[in-house]
Colleague: 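Submitted below is the structure of interest, expressed as structure tokens.
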Amino acid sequence: MCAYVLVAEDDEKQAELIRRSLLAEGHTATVVHDGSAALASARRHRPDLVVLDLMLPLIDGYAVCRELRRDDDIPVLMLTARSTEDDVLLGLEIGADDYMTKPYSPRELMARIRTVLRRSERSAGRSEDPVVRAAGITVDLLRHEVRCDGALVEVTPAEYEILLAMASEPERVFSRRQLLQCTRGIDRASTERAIDVHIMNLRKKTERDPRRPARLLTVFGVGYKLSGDRA
């Protein structure tokens with residue numbers, strides 16, 4: 001999806017790097033350099049996402065996030081040099097959808113942005129279609145249930161998010177890193193290799209023969225996809 005992103009970052013070089021990366025992904029972006037301007041721009045233009053630096057002048061990122069959450073449900077991805085557990089938890093508790101610590105790679109930032117936007121898009125469409133179906137898998141967003149060929153399947157929160165992402169875009173190949181982003185906020189200590197374990201467990205729960213999967217397929221050298229061939 002192409003989105004309108006508000007970037008609130010007081011470091012002009014960092015802000016420009018983020019802006020160019022967003023444009024390269026097909027998004028549009030507005031850059032501001034203080035918290036007051038961030039709030040004014042968000043209220044005036046209602047972006048699809050705010051990339052919000054924590055240490056902004058005039059009004060800091062925490063206060064900006066609180067105000068945004070009071071006014072609206074605009075997704076927020078918070079950026080900061082602070083990386084203690086308390087800082088991360090505070091950012092999430094006041095409403096940030098994700099939290100990245102500096103320094104970060106532009107590629108990882110864009111992956112996080114795609115994930116937050118995808119979650120926001122799914123959330124916005126829940127009232128219209130609260131059930132996602134693909135390859136014999138049904139993910140019920142209202143009941144938070146997963147069914148395979150009609151039978152209820154018990155899954156962990158991380159497995160649920162992975163299946164939801166893959167069922168929402170059947171046949172799309174997801175890298176381990178992309179699937180890891182789907183589980184952020186559930187198990188932030190996970191690594192990309194943990195995705196292999198989640199996929200292995202999901203195969204045990206959804207495949208007739210987990211050793212020869214027909215749904216959750218490996219794309220060698222890339223990652224995994226959910227085959228959409230099954231009804």
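Given the structure is predicted, the values throughout are model-derived calculations rather than measurements.
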Colleague: If two hydrophobic side chains count as joined below 4.5 Å and joins carry through other members, does V50 share a cluster with I59?
Modeller: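 Linked within one cluster.
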Colleague: With a 4.5 Å cut-off on side-chain heavy-atom distances among I, L, V, M, F, W and Y, is there a chain of contacts connecting L180 to V173?
Modeller: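 No, it is not one cluster - the side chains of L180 and V173 are not joined through contacts under 4.5 Å.
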Colleague: Of all the heavy-atom pairs spanning D10 and P57, show the shortest one and how long it is.
Modeller: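 Nearest pair, atom of D10 first, then P57: CB-CD, 3.7 Å.
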Colleague: If Ile, Leu, Val, Met, Phe, Trp and Tyr residues are connected whenever their side-chain heavy atoms lie under 4.5 Å apart, and connections chain through other members, are L226 and V153 in the same group?
Modeller: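 Same cluster.
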Colleague: Which one of T28, T30, L49 satisfies the side chain to side chain contact (heavy atoms under 4.5 Å, CB included) criterion with V5?
Modeller: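 That would be L49; it is the only one of T28, T30, L49 passing the side chain to side chain contact (heavy atoms under 4.5 Å, CB included) with V5.
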Colleague: Do E12 and E16 have side-chain heavy atoms sitting under 4.5 Å apart?
Modeller: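 When only atoms from C-beta onward are counted, E16 and E12 do not touch, as no gap falls below 4.5 Å.
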Colleague: Please find the pair of heavy atoms, one from L217 and one from S227, that lie closest to each other, and give the distance.
Modeller: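 Scanning both residues, the minimum pair turns out to be CD1-CB, 3.8 Å.
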Colleague: When you measure from the side chain of R203 to the backbone of L216, do you find a donor-acceptor pair of N or O atoms at a distance under 3.5 Å?
Modeller: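 At least one qualifying donor-acceptor pair exists.
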Colleague: Taking E171 for the side chain and K225 for the main chain, is one N or O donor matched with an acceptor at less than 3.5 Å?
Modeller: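 No, because the side chain of E171 does not come within donor-acceptor range (under 3.5 Å) of the backbone of K225.
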Colleague: Can you check whether S175's main-chain N or O pairs, donor with acceptor, with Q178's side chain at less than 3.5 Å?
Modeller: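 At least one qualifying donor-acceptor pair exists.
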Colleague: Has the side chain of H198 got a donor or acceptor atom that lies under 3.5 Å from a matching backbone atom of E159?
Modeller: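 Absent.
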Colleague: Would you kindly confirm whether L141 and L202 end up in one hydrophobic cluster when ILVMFWY residues are joined by side chain heavy atoms under 4.5 Å apart?
Modeller: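 Hydrophobic grouping puts L141 with L202.
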Colleague: Check A29 against R19 and note the closest heavy-atom contact, atom names and distance.
Modeller: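 Distance-wise, the nearest heavy atoms are CB-CG, 4.0 Å.
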Colleague: Under a 3.5 Å distance rule, please check whether K204 uses its side chain to pair with a backbone N or O of P210 as donor and acceptor.
Modeller: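 Checking the backbone N and O of P210 against the side chain of K204, no donor-acceptor pair under 3.5 Å is found.
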Colleague: Apply side-chain contact (heavy atoms from CB on, under 4.5 Å) to the pair Y160 and E145, showing each step before the final yes or no.
Modeller: CA-CA 8 Å; Y160 177 90; E145 288 181 350; over 6 Å; no
Colleague: Are I74 and P47 side-chain neighbours, meaning at least one heavy-atom pair lies under 4.5 Å?
Modeller: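 Contact flag for I74/P47 side chains = yes.
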Colleague: Could you tell me if the side chain of F174 sits less than 4.5 Å from the side chain of I195, heavy atoms only?
Modeller: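 No, side chains not in contact.
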Colleague: Going by the rule side-chain contact (heavy atoms from CB on, under 4.5 Å), which residues pair with A40 if we only count those two or more places apart in sequence or in a different chain?
Modeller: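 With sequence neighbours excluded, A40 shows a side-chain contact (heavy atoms from CB on, under 4.5 Å) to R44, given in chain and number order.
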Colleague: Treating R147 as the side-chain partner and G136 as the backbone partner, does any N or O pair qualify as donor plus acceptor under 3.5 Å?
Modeller: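 Flag not set: sc R147 to bb G136 has no pair under 3.5 Å.
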Colleague: Can you confirm whether E207 sits close enough to R212 that some side-chain heavy atom of one is under 4.5 Å from a side-chain heavy atom of the other?
Modeller: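 No; the side chains remain at least 4.5 Å from each other.
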Colleague: I want to check something: taking the side chain as every heavy atom from C-beta on, are L109 and M100 in contact at a cut-off of under 4.5 Å?
Modeller: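 SC-SC contact between L109 and M100 confirmed.
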Colleague: For residues L117 and H27, determine if any side-chain heavy atom of one lies less than 4.5 Å from a side-chain heavy atom of the other.
Modeller: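 They are in side-chain contact.
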Colleague: Does D11 form a salt bridge (charged side-chain N to carboxylate O under 4.0 Å, His left out) with K13? I'd like the steps, not just the answer.
Modeller: CA-CA 6 Å; D11 185 315; K13 290 184 178 180; over 6 Å; no
Colleague: State, to 0.1 Å, how close L56 and A8 come at their nearest heavy-atom pair, and which atoms those are.
Modeller: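 In terms of heavy atoms, the two residues are closest at CD2-O, 3.7 Å.
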Colleague: Is any side-chain heavy atom of L77 less than 4.5 Å from a side-chain heavy atom of D97?
Modeller: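 Not touching, per the 4.5 Å side-chain cut-off.
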Colleague: Please check if atom CZ in R20 has more than 12 non-hydrogen atoms from other residues, nucleotides or ligands closer than 6.0 Å.
Modeller: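 Not more than 12 within 6.0 Å, no.
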Colleague: What orientation do Y4 and H45 show, parallel under 30°, tilted 30 to 60°, or perpendicular over 60°?
Modeller: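 Aromatic pair Y4/H45 classed perpendicular.
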Colleague: Starting from V76, can I reach M55 by hopping between I/L/V/M/F/W/Y residues whose side chains sit under 4.5 Å apart?
Modeller: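 M55 clusters together with V76.
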Colleague: Is a side-chain N or O of R112 found less than 3.5 angstrom from the main chain of Y99, in a donor-acceptor match?
Modeller: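 Pair found, side chain donor or acceptor close to backbone of Y99.
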Colleague: Checking side-chain contact (heavy atoms from CB on, under 4.5 Å) for the pair I18/L79: CA distance, chi angles, key distance, verdict?
Modeller: CA-CA 11 Å; I18 296 170; L79 303 176; 3.8 Å; yes
Colleague: Just by distance, do the side chain of R215 and the backbone of T206 share a donor-acceptor pair under 3.5 Å?
Modeller: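 Indeed, once roles are kept as given, a pair shorter than 3.5 Å links the two residues.
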Colleague: Any side-chain heavy atom of M110 within less than 4.5 Å of one from L22?
Modeller: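 Yes. Closest side-chain heavy atoms under 4.5 Å.
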Colleague: Is there a side-chain contact (heavy atoms from CB on, under 4.5 Å) between R107 and R177? Walk through the geometry before answering.
Modeller: CA-CA 11 Å; R107 289 182 62 186; R177 173 164 292 192; 5.7 Å; no
Colleague: Stepwise, does the side-chain contact (heavy atoms from CB on, under 4.5 Å) test hold for M166 with L179?
Modeller: CA-CA 9 Å; M166 298 179 80; L179 291 174; 3.9 Å; yes
Colleague: Please name the pair of heavy atoms, one in V32 and one in S41, separated by the smallest distance, quoted to 0.1 Å.
Modeller: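 Smallest heavy-atom distance, with atoms named: CG1-CB, 4.4 Å.
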Colleague: How close do S168 and V132 get, heavy atom to heavy atom, and via which atoms?
Modeller: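 Shortest heavy-atom separation between S168 and V132 comes out as N-CG1, 3.7 Å.
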